Amino acid sequence: MAIDQGATNAALSVFSAGSGGPTPAKVVLLAGPGVRHAGAEAALLAAAERFDIPIATTLGGKGTVPEDHPLALGVFGYGGSRWASEAILDPDVAVLIVVGSALSQRDTLNWDPGMLSTAELIHVEADPSLIGRTWPSSSPVTASPKAFLEQLAAVDGTVADGLDNGRATRRAFLADVRGRGPRAYEADDTASDAEPMHPARFVTQARAACPRDTVLSVDSGAHRAWCSQYWPSYGGGDYVSLANLAPMGVRSLWASAPRWRAPNVRWSSPRATAAC
């Protein structure tokens with residue numbers, strides 16, 4: 001089953017204009033690795049762009065959205081950015097739409113209940129066993145992330161009207177969040193002259209030395225947080241990171257196997273020479 005249509009209709013009805021109360025305006029999308037696995041990156045951007053919905057990703061979802069996109073907030077959770085944290089933890093967020101994430105400990109800031117929206121948590125997952133494991137969802141949807149996001153991008157009628165009505169509020173909210181400080185925490189560390197070299201400066205300079213289309217594979221270790229913060233992703237699957245506990249060693253395969261399938265793509269990896 002690609003999508004539970006009844007559950008999808010019920011979830012999206014929260015935005016329906018004229019349903020007897022004000023439609024929620026402050027909405028945030030949180031994209032996990034399931035978006036990439038479903039090939040739903042374009043559908044995610046189409047839905048967000050149509051209704052000006054800010055997008056954050058989990059660490060495993062980094063690489064699905066260009067982080068220089070006007071609606072991008074960066075990573076939420078472990079290794080998360082200031083913008084994503086400020087947006088999702090904002091108490092006035094009315095609807096959080098989680099797509100393709102099991103909401104693990106690392107993806108929820110150690111199960112911080114502050115991320116629970118005031119009105120609706122719409123949780124979309126292809127595997128129903130992953131819904132509700134961390135937070136009870138007011139609107140659980142068993143669906144392929146691609147199928148759900150394509151429907152969100154194509155809604156019409158009162159649902160589209162309700163989402164359109166909240167567009168100005170979301171634009172103002174996004175501007176406010178971005179105005180609270182730089183995307184990355186401790187941004188001054190990227191220019192630190194400390195010795196040994198500060199990790200933030202190293203990652204920043206490594207990113208600047210690599211072409212925009214470089215693909216970074218990140219193994220397990222503390223460096224995941226530095227890379228998540230200070231290595232901007234430009235989408236297209238250009239960032240692949242282990243996000244679970246103790247999976248060290250996969251990076252070598254990630255850094256080499258894609259070259260067989262896509263020999264013209266530039267790949268780099270921590271602890272290895274960058275092929276730039």
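Bear in mind the structure is a predicted one, so any value in this text is a computation, not a measurement. Start at 1 with the first residue, then count along the sequence.
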> Quick one: do the Thr204 and Thr190 side chains pair a donor with an acceptor below 3.5 Å?
Replying inline: no

>> How long is the straight-line distance from CZ of Phe76 back to CG of Leu103, given to the nearest 0.5 Å?
In response: 9.0 Å

>> Which residues pass the salt bridge (charged side-chain N to carboxylate O under 4.0 Å, His left out) test with Asp189, not counting sequence neighbours?
In response: none

> How far apart are the C-alpha atoms of Glu186 and Gln229, what are their side-chain angles, what is the distance that settles it, and do they pass the side chain to side chain donor-acceptor pair (under 3.5 Å) test?
Replying inline: CA-CA 10 Å; Glu186 309 297 340; Gln229 279 275 341; over 6 Å; no

>> The criterion is side-chain hydrogen bond (donor to acceptor under 3.5 Å, both in side chains); which residues satisfy it with Ser139, sequence neighbours excluded?
In response: Glu120

> Rounded to the nearest 0.5 Å, how far apart are CG of Leu96 and CG of Leu116?
Replying inline: 8.5 Å

>> Under a 3.5 Å threshold, yes or no: a donor from one side chain and an acceptor from the other, between Asn165 and Thr23?
In response: no

> What do you reckon, is NZ of Lys146 surrounded by more than 12 foreign heavy atoms closer than 6.0 Å?
Replying inline: no

>> Hydrophobic clusters here meaning ILVMFWY residues chained together by side-chain heavy-atom distances under 4.5 Å, can you tell me if Leu45 and Leu29 are in one?
In response: yes

> What pair of heavy atoms forms the shortest contact from Thr169 to Lys26, and how long is it?
Replying inline: CG2-CG, 4.0 Å

> Is there side-chain contact between Leu44 and Val99, with heavy atoms separated by less than 4.5 Å?
Replying inline: no

> Applying side-chain hydrogen bond (donor to acceptor under 3.5 Å, both in side chains), which residue pairs with at least one partner in residues 52-66 are found, sequence neighbours left out?
Replying inline: Asp52-Arg167, Asp52-Arg171, Lys62-Glu67

>> Show the nearest heavy-atom pair for residues Leu174 and Pro54, with the distance to one decimal.
In response: CD1-CB, 4.2 Å

> To the nearest 0.5 Å, how far apart are OG in Ser16 and CG in Leu163?
Replying inline: 9.5 Å

> Any side-chain heavy atom of Leu152 within less than 4.5 Å of one from Leu12?
Replying inline: yes

>> Going by ring-ring contact (aromatic ring centres under 6.0 Å, His included), name the residues that satisfy it together with Trp226, two or more places apart in sequence or in a different chain.
In response: His198

> Residues two or more places apart in sequence or in another chain: which of them pass salt bridge (charged side-chain N to carboxylate O under 4.0 Å, His left out) with Arg133?
Replying inline: none

> Do Met197 and Trp231 share a hydrophobic cluster (ILVMFWY, side-chain heavy atoms under 4.5 Å, transitive)?
Replying inline: yes

>> Between Asp213 and Asp238, is there a side-chain heavy-atom distance shorter than 4.5 Å?
In response: no

> Who pairs with Asp127 by side-chain contact (heavy atoms from CB on, under 4.5 Å), at least two apart in sequence or on another chain?
Replying inline: Glu125, Ser129, Leu130

> So do Arg207 and Thr214 actually touch side chain to side chain, heavy atoms under 4.5 Å?
Replying inline: yes

>> I'd like to know if Leu89 and Val75 are part of one continuous hydrophobic network [Ile/Leu/Val/Met/Phe/Trp/Tyr, side-chain heavy atoms within less than 4.5 Å].
In response: no

> At their closest point, which heavy atom of Ala72 faces which heavy atom of Pro66, and how far apart are they?
Replying inline: CB-O, 3.4 Å

> Considering all heavy atoms of both residues, which atom of Ser233 and which atom of Gly63 are nearest to each other, and what is their separation?
Replying inline: OG-CA, 3.2 Å

>> If hydrophobic clusters are built from ILVMFWY residues whose side chains come within less than 4.5 Å, do Val95 and Val98 share one?
In response: no

> To the nearest 0.5 Å, what is the distance between OH (Tyr185) and CH2 (Trp83)?
Replying inline: 12.0 Å

>> Hydrophobic clustering (ILVMFWY, side-chain heavy atoms < 4.5 Å, transitive) - are Val28 and Val159 grouped together?
In response: no

> What pairs with Asp112 under side-chain hydrogen bond (donor to acceptor under 3.5 Å, both in side chains), at least two apart in sequence or on another chain?
Replying inline: none

> So, for Pro140 and Ile131, which heavy atoms are closest and what is the spacing to 0.1 Å?
Replying inline: CB-CG2, 3.6 Å

> Which pair of heavy atoms, one from Ala143 and one from Asp4, lies closest together, and at what distance?
Replying inline: CB-N, 4.4 Å

> Around atom OH of Tyr234, are there more than 12 heavy atoms of other residues, nucleotides or ligands at under 6.0 Å?
Replying inline: yes

> Any donor and acceptor pair, going by atom type alone, linking the side chain of His123 with main-chain N or O of Gly100 inside 3.5 Å?
Replying inline: no

> Can you tell if the side chain of Val14 reaches within under 4.5 Å of the side chain of Pro24, non-hydrogen atoms only?
Replying inline: yes

>> Could you walk me through whether Ile97 and Phe148 satisfy the side chain to side chain contact (heavy atoms under 4.5 Å, CB included) test, starting with their C-alpha distance in whole Å, then the side-chain angles of each, then the deciding distance to 0.1 Å, before giving a yes or no?
In response: CA-CA 11 Å; Ile97 306 174; Phe148 176 85; 4.0 Å; yes

>> Checking Arg178 against Arg183 for the side chain to side chain contact (heavy atoms under 4.5 Å, CB included) test, could you report, in this order, the C-alpha distance in whole Å, the side-chain angles of both residues, the deciding distance, and whether it holds?
In response: CA-CA 7 Å; Arg178 290 188 165 202; Arg183 179 181 62 85; over 6 Å; no

> Is any side-chain heavy atom of Leu30 closer than 4.5 Å to a side-chain heavy atom of Ile88?
Replying inline: yes

> Got a sec, which residues hit salt bridge (charged side-chain N to carboxylate O under 4.0 Å, His left out) with Arg50, two or more places apart in sequence or on another chain?
Replying inline: none

>> Checking Glu41 now: which residues fulfil salt bridge (charged side-chain N to carboxylate O under 4.0 Å, His left out) with it, not counting sequence neighbours?
In response: none

> Is any side-chain heavy atom of Thr108 less than 4.5 Å from a side-chain heavy atom of Met115?
Replying inline: yes

> Which pairs pass side-chain hydrogen bond (donor to acceptor under 3.5 Å, both in side chains) with one or both residues in residues 73-82, sequence neighbours excluded?
Replying inline: none

>> What I'd like to find out is whether the side chain of Val124 reaches to under 4.5 Å of the side chain of Leu149, using heavy atoms alone.
In response: no

>> To the closest 0.5 Å, what do you measure between NE2 (His223) and OH (Tyr230)?
In response: 15.5 Å

>> Could you walk me through whether Ile55 and Leu73 satisfy the side chain to side chain contact (heavy atoms under 4.5 Å, CB included) test, starting with their C-alpha distance in whole Å, then the side-chain angles of each, then the deciding distance to 0.1 Å, before giving a yes or no?
In response: CA-CA 6 Å; Ile55 313 169; Leu73 296 167; over 6 Å; no

> Given Arg201 and Asp188, is the salt bridge (charged side-chain N to carboxylate O under 4.0 Å, His left out) satisfied, shown in steps?
Replying inline: CA-CA 9 Å; Arg201 180 181 175 188; Asp188 290 346; over 6 Å; no

>> Would you compute the distance between atom OH of Tyr239 and atom OG of Ser241 and round it to the nearest 0.5 angstrom?
In response: 4.5 Å

> Can you name the side-chain hydrogen bond (donor to acceptor under 3.5 Å, both in side chains) partners of Asp92, sequence neighbours left out?
Replying inline: none

> Can you name the side-chain hydrogen bond (donor to acceptor under 3.5 Å, both in side chains) partners of Glu49, sequence neighbours left out?
Replying inline: His69

> Do Leu216 and Val240 pass the side chain to side chain contact (heavy atoms under 4.5 Å, CB included) test, and can you show the C-alpha distance, the side-chain angles, and the key distance before you say yes or no?
Replying inline: CA-CA 6 Å; Leu216 184 73; Val240 186; over 6 Å; no

> Does Ser228 reach the main-chain N or O of Gly80 with its side chain, forming a donor-acceptor pair under 3.5 Å?
Replying inline: no

